[in-house]
Amino acid sequence: MAKVIIIGAGGVGTVVAHKCAQHPEVFSEIVIASRTRSKCDAVAKAIGASNITTDSVDADSVEQLVELFRRHKPELVINVALPYQDLTIMDACLECGVNYLDTANYEPKDVAHFEYSWQWAYRERFEKAGLTAILGCGFDPGVSGVFTAYAAKHYFSAMETLDIVDCNAGDHGKAFATNFNPEINIREITQNGRYWQEGDWVVTKPLEFHRTLNYPNIGPRESYLLYHEELESLVQNFPTIKRARFWMTFGQEYLTHLRVIQNIGMARIDEVEYNGTKIVPLQFLKAVLPNPQDLGENYHGETSIGCRISGKDKEGKELTYYIYNNCSHEAAYRETGMQAVSYTTGVPAMVGAMMFLTGKWRKAGVHNVEEFDPDPFLAELAVNGLPWHEVLNGDLEFGD
């Protein structure tokens, strides 16, 4: 039994708090903290558990984070704040002797760029402090890495191709809305694509490559090649992989809105002057778009996220393998009040925290999820709302 602090009270933070509260045998005390305490209070009230308290903190401030950690003395911080705040939270963890877990890698505010180098640079400091930092423990990144580790452990002697496929076939009834923080979401989609090929990164234009893929229980959806951060760690930790790519589905209406947003300058992340005040257009856009937290009530359909892998099996024979989860928006909303995109990120964060607190994923240093034993994680994932499925020697739809 241990005390945790959840930093962030958005859609993902709400799901994490709900799921932690379901396991008082592991999470004896839960503190929810964010810049706006009233949001934390609303989450705590909705859950109604006696072991949840709330607090406020500016996660951009190491000083405030240190004061928060010293007051509450948690064993683990679950960071579901903004990716900009990863390093300040890690700094505060080191200062206070607290372990760390997040769901997305650090990126600077002024550059739309994913890279683990900033957080990997903390490895030696966490090792010397005897602290564990678990990086990227959402679904993708997160479960996608655990799925890959599970495939390597149980099925493959050498994985050669990896395609992570992410389909949201849900409908929220809005003309345009993002399923998580609009600022982060739009920055991710509008940057150049990148994939791993024969030991090098191949750079593509944003959404340049796409193809129709079939998703279980959903059918065909147009899928676009993006860069996603877990590719960076997976090709390092599984060096037999010759090609690694990430695909995500988008509807034409969404892409039309996105193109207009870019064309009129609303996707800019640099400051412009308006009526004597400096504003960032994308941050302004975030303020007027629907809040992802409010989408769940009218959301229908499901998500499907998985890994399609080819290579040699344990006997050296050709093998294809597909491991995936489908998650219902309606079911996620009934349980937590949030839609499936928040649910599929929040549940793995809770399971990763459980793995650490129960001693199964405890190793000093800074580690990506695929560096740990995948078996206990996937066992808990399946009974905590995200059951997964396997297809061996099926058609992976990737002929090139």
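Numbering starts at 1 and runs along the sequence shown.
Between Gln22 and Glu335, the side chains place a donor N or O and an acceptor N or O closer than 3.5 Å (distance only, hydrogens not considered). Looking at Asn368 and Trp120, their side chains do bring a donor and an acceptor atom within 3.5 Å of each other. A side-chain donor-acceptor contact under 3.5 Å links Asn384 and His23.
Other residues, nucleotides and ligands contribute only 12 or fewer heavy atoms inside 6.0 Å of the CD atom of Glu63. Few gaps surround NZ on Lys3; more than 12 heavy atoms of other groups in view lie less than 6.0 Å from it.
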**OP:** For Arg308 and Glu397, run salt bridge (charged side-chain N to carboxylate O under 4.0 Å, His left out): C-alpha distance rounded to whole Å, both residues' side-chain angles, the deciding distance at 0.1 Å, then the answer.
**Re:** CA-CA 9 Å; Arg308 303 181 182 189; Glu397 302 184 285; 2.7 Å; yes
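When each of Phe156, Trp388, Phe238 is tested with Tyr150 by the rule ring-ring contact (aromatic ring centres under 6.0 Å, His included), just one qualifies, namely Trp388.
Between Arg334 and Glu330 there is no salt bridge, since none of the side-chain N atoms of the basic residue sits less than 4.0 Å from a carboxylate O of the acidic one. Between Arg125 and Asp91 a salt bridge is recorded (basic side-chain N to carboxylate O distance below 4.0 Å). For the pair Lys312 and Glu318, the salt-bridge criterion is met [side-chain N within less than 4.0 Å of a carboxylate O].
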Review item, side-chain donor-acceptor pairs of residues 41-52, under 3.5 Å, at least two apart:
unit_1 : atom_1 : unit_2 : atom_2 : d
Asp41  : OD1    : Thr54  : OG1    : 2.6
Asn51  : ND2    : Phe27  : O      : 3.1
Asn51  : ND2    : Ser28  : O      : 3.3

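In this structure, Lys360 is not positioned above the aromatic face of Phe377 in the sense of NZ or CZ being under 6.0 Å from the six-membered ring centre and within 45° of the axis.
Nearest heavy atom pair, residue Asn99 against residue Thr132, reads OD1-N, 2.8 Å.
Here the CD atom belonging to Glu222 is positioned 10.0 Å from the CZ atom belonging to Arg211, to the nearest 0.5 angstrom. To the nearest 0.5 Å, the span separating CZ on Phe139 from OG1 on Thr303 amounts to 7.5 Å.
For residues 135-158, the set of pairs meeting the salt bridge (charged side-chain N to carboxylate O under 4.0 Å, His left out) definition, not counting sequence neighbours, comprises Lys153-Asp373, Lys153-Asp375.
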